[in-house]
Structure formats: C-alpha cells, structure tokens
Protein chains: 2
Amino acid sequence: MTSDTRAKMVAGAADLMSRRGVNATSMREVVRHTGTPRGSIGHHFPRGKQQLIEDALVFAGKQVSGPLEHLVQSRGAIAGLRAFIALWRQTLEKSKFQAGCPVLAVAVEQYVNDATEKDGAPDEAAQRHLLDLADGVFADWQRIMFTALRREGVAPARARRLAALVIASTEGTVAMCRAARSAQPLDDVRQELELVLSSALPK
Amino acid sequence: MTSDTRAKMVAGAADLMSRRGVNATSMREVVRHTGTPRGSIGHHFPRGKQQLIEDALVFAGKQVSGPLEHLVQSRGAIAGLRAFIALWRQTLEKSKFQAGCPVLAVAVEQYVNDATEKDGAPDEAAQRHLLDLADGVFADWQRIMFTALRREGVAPARARRLAALVIASTEGTVAMCRAARSAQPLDDVRQELELVLSSALPK
DNA sequence: AGCTGGCTATGTCAAGCGTCATAGTCTAGC
DNA sequence: GCTAGACTATGACGCTTGACATAGCCAGCT
C-alpha cells in the first residue's frame, strides 16, 4: 500500500537531515543516497521538498517515541531515561558522530526554498508548520516522560519541568557530542539526570 | 585597525546563522543584511565563506563568555546560571523566537560548499575545523561554570558533569523554545537547574 | 488484445550560490 | 600633487537546486 520507495525516501531524508541539516539535504541527494528513482519524487511528494521534510520529521519522531513509550510503560521513568540516552548514543557512535537528531535540525535551522519564494518574503507559513511539527515531536517525547513520572508519584508541575529538562538536555548533549566527536558529554549528563530523577521520586 | 566593515560582517553573519543556520546563510545575504559592500568580502575574508563562519563562531562565543565570566566571578555559580539563561531568553524574545544559537547551528548542521567541492567528497577538514571551533566555544562556557562550582566547593568530577548539564540543557532548551515559539521551556529548565546546583553546593 | 493508471526516466527552466577578475574610489604619507 | 595601497563596485563563470513537463514502462483488468 504505502510504497516501499516512498518509505525509503522518507527514511533517507531523515538520515540525511540528521547529518547535514535541512537545507543541505537536497532531494537529488536523497534519491542518490537511497537508490530510489528521481522521477518518483513528484509522484510521492506532490507538495515537493516541504512535504518530504514533514514526513521525515514525524517518521523520526515515531521512531523514537515508539520504543520509548513501550519501555517506559514496562520498566518506568528511569529505565526510560537510560534507554532514551542509550538510543542517541548508538546513533552517534554508529555514525562516527556524524548523525544527530533531525528534529533538532528543524528546530535550529530555517528552511528556505528559493524556488518557491521568488518574491522576497520567505514562506512564513511553511516554516511555521515545520516548527509546529518539530514542537509536536518534542511534546510527544516529553509527554511520555511526564506520564511515567506522574505514575511514579511526582507532582504534575514538577513532572512537566523534569520531562522538559530530560528532553532538552539530551538534545543539547547530542549536539555537543557531535561537536566534540565524543560520547563523554552524554555520559556526564546521563549520570546527573539519573540523580535528579531518582531524588525527585518519592521514596 | 580591524575594519568596521569587517566587524559588521562578522556580527551579521553570526546573527543570520543563529536564525537560518549555516548553510542557509549566504554571503550575499550577509552584505544585504548588514549594508556592507559585497566587494569587500574577498578582501576581508580571503578564505571565503569558511573564514567568515569561523570568525562569526568565535565572535558569538566571546559575546557570551565575556559577560558570563565576569558575572560568575563576582556573584557565583547560581547567578551565572541565571544570567546565562536570561541572556538566551532575551535573544529569543527580542527576535520573536527567530534567533537561536549560532554555535548550536554549526554543531547540528554540516557545512557544505558546492563551489569548492567539485569532486564528490565534501571537504572533511574544513568541517572538522568548524566542529573544533564549536567544541572550543562549548568547552569555554563549560570551563567558566566548572571553575565557579569548584570555587564553591564542588568536587572536580561532579563539577565537570554539572557544567556539562547546564550548557547542554540550556542549548537544547533554546532550540525547543524556538520550535514552540515560547519561553516556557526555558523557565522550566532554569527552575530545575537551580535546584540541582543549589543542592550540589556544600551547605 | 487493448487500455489504463501507477510509477519511473530524463531533460529543461529560472534562480541562487561561492569564487574570481577587473576596474574604480578613497585616503594617508611624502 | 602624486602615488601606493587599502577598500569597494560589478559582472562573469560554473555549478546546484527545486519544480515541472514529457515520454516511457509495466502490471492488472476487461
């Protein structure tokens, strides 16, 4: 049903975005990188690059939230934190610190498409929509952490703040690891976050 | 001595990088944005865009580390944390959540220059150098925080981890605020970080 | 057999990019 | 006054990009 080619393009776009960023990821490179046919782009993504990025974004979001949600529900908040961080560590190390988080890339860059913006003004609505999607992914991850903390007895406001801290610091650390080409920051941050969470849980 | 035009270009490049990212920041736009002459680019930056980015990067680093170092030395680690976060909050709000951190942009993207890379391989050395500079900036900020914590009695290893947590989570939060177009995450994270630091300081 | 519709192949288009080269302007020092 | 050198203006070159158009392929159905 949903074409295999299409899925490969979305996954390839997510990967390239996590390495190069949004603007440095061209559709031509996506098809080169995935061995998919260039002619199919217009077919599978009639709205063009914007649509491909959108799909790659929610794809990347689900790829994390799926396992995370499952693990958090079966083994609790701290195990979820460990898994979340381990997952990023794996992404970093497997790619020799070249790949990062595509969602972060969208949140940090501004997608500009010269082709569709002949008039001077950049398409504000398109950019807003991408940010909305990125925000949605972050919110989703945060919600998973939030729910786990609530279930383990943390007060609502505190749980919200802690969830924000976990997601934000992990994302930031991934970028720092990329810059340092080392996983050391991830270890440091994980250690401190575990301390914070375990001391926030009621004894 | 150092030309005024040159300084404006560097500052403008840093600003644009913080809004659009590295690859979406073109030299032509830098000169448009700063009202500086296009012809001067080659004069002030003989190594081209790469050099402009490098300069913008260390410029942005110093712009933060200067005030931060001063404040931390006179009023301590927690005041430094507050100032660090307040500074980013200001950047976000003044730009209506359009500007972020140029250093983070370099850490998240991969700078590709089609003009100099006619051969298939992207210039790996250039990219490595940019990452080194970004890593240096992060390390510098971290060092300031680390020193303050040490001075206030925190053990070395712990101080290193806490400094990493502070920098990483702040950077990540800035990106999240941009996605959400809200400063709420910054507030949440600041609150939790203050708790962490104050409970880590010896009573 | 014939058609039809999902998919693929390939080329063109306008626009932007970074770089380079050439020529012009301004100013400080003699 | 003049000249040297720092700076600025402008255009060309070769390239890539996203979008679009045209044409071809190849199942599955009638």
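Protein chains get the first letters and strands the later ones, always in sequence-line order, with residue 1 at the start of each. Quick caveat: nothing in here was measured; it's all calculated off a predicted structure.
Under 4.0 Å is where a charged nitrogen must lie from a carboxylate oxygen, and between A:Arg19 and A:Asp15 at least one such pair does. Under a 4.0 Å N-O distance rule, the pair A:Arg181/B:Asp132 qualifies as a salt bridge. Look at B:Arg161 and A:Asp187 and you find no salt bridge, because none of the NZ, NE, NH1 or NH2 atoms lies under 4.0 Å from a carboxylate O. Salt bridge B:Glu69/B:Arg143: present, at least one basic N to carboxylate O contact under 4.0 Å.
Evaluated for a side chain to side chain contact (heavy atoms under 4.5 Å, CB included) with B:Cys177, the options B:Thr91, B:Val189, B:Leu92 yield exactly one hit, B:Leu92.
With rounding to the nearest 0.5 angstrom, the OG atom of A:Ser26 is 11.5 Å from the NE2 atom of A:His33.
Summarising the geometry, the separation between CZ on A:Phe45 and C1' on D:dT17 is reported as 18 Å, rounded to the nearest angstrom. Between the CD atom of B:Glu29 and the P atom of C:dA15 there is a distance of 17 Å, given to the nearest Å. To the nearest angstrom, P of D:dG18 lies 15 Å from CD of A:Gln51. When the C1' atom of D:dT16 is taken as reference, atom CG of A:Leu16 falls 16 Å away, rounded to whole Å. Note: NE2 (B:His44) to C1' (C:dT19) measures 17 Å, nearest angstrom. Atoms CZ (B:Arg47) and P (C:dG18) sit 16 Å apart, rounded to a whole Å. Atom CD in A:Gln50 sits about 13 Å away from atom C1' in D:dG18, given to the nearest Å. Spacing between atom CG of B:Asn113 and atom P of C:dC20 amounts to 10 Å, rounded to whole angstrom units.
When each of A:Met27 and B:Gly39 is assigned the nucleotide of DNA chain D bearing its nearest heavy atom, the one mapping closer to the 5' terminus is B:Gly39.
Evaluation of atom-type donor-acceptor distances gives a pair under 3.5 Å for the side chain of A:Arg28 against the base of D:dG18. If you check distances only, the side chain of B:Arg38 does reach the base of D:dG11 with a donor-acceptor pair under 3.5 Å.
A close approach under 4.0 Å does occur between a side-chain nitrogen or oxygen of A:Thr5 and OP1 or OP2 of C:dT8. Side-chain N/O atoms of B:Ser26 include one lying less than 4.0 angstrom from OP1 or OP2 on C:dC17. Contact between the side-chain N/O atoms of B:His43 and the OP1/OP2 oxygens of D:dG5 is not found at any separation under 4.0 Å. Regarding contacts with the backbone of D:dC7, every side-chain N or O of B:Ser40 stays at 4.0 angstrom or more from both OP1 and OP2.
The C1' atoms of five pairs define one axis at each end of the helix from C:dA1-D:dT30 to C:dC30-D:dG1, and these two axes lie 10° apart (to 10°).
In this structure, B:Arg178 contributes its side chain and B:Gln98 its backbone to a donor-acceptor pair below 3.5 Å.
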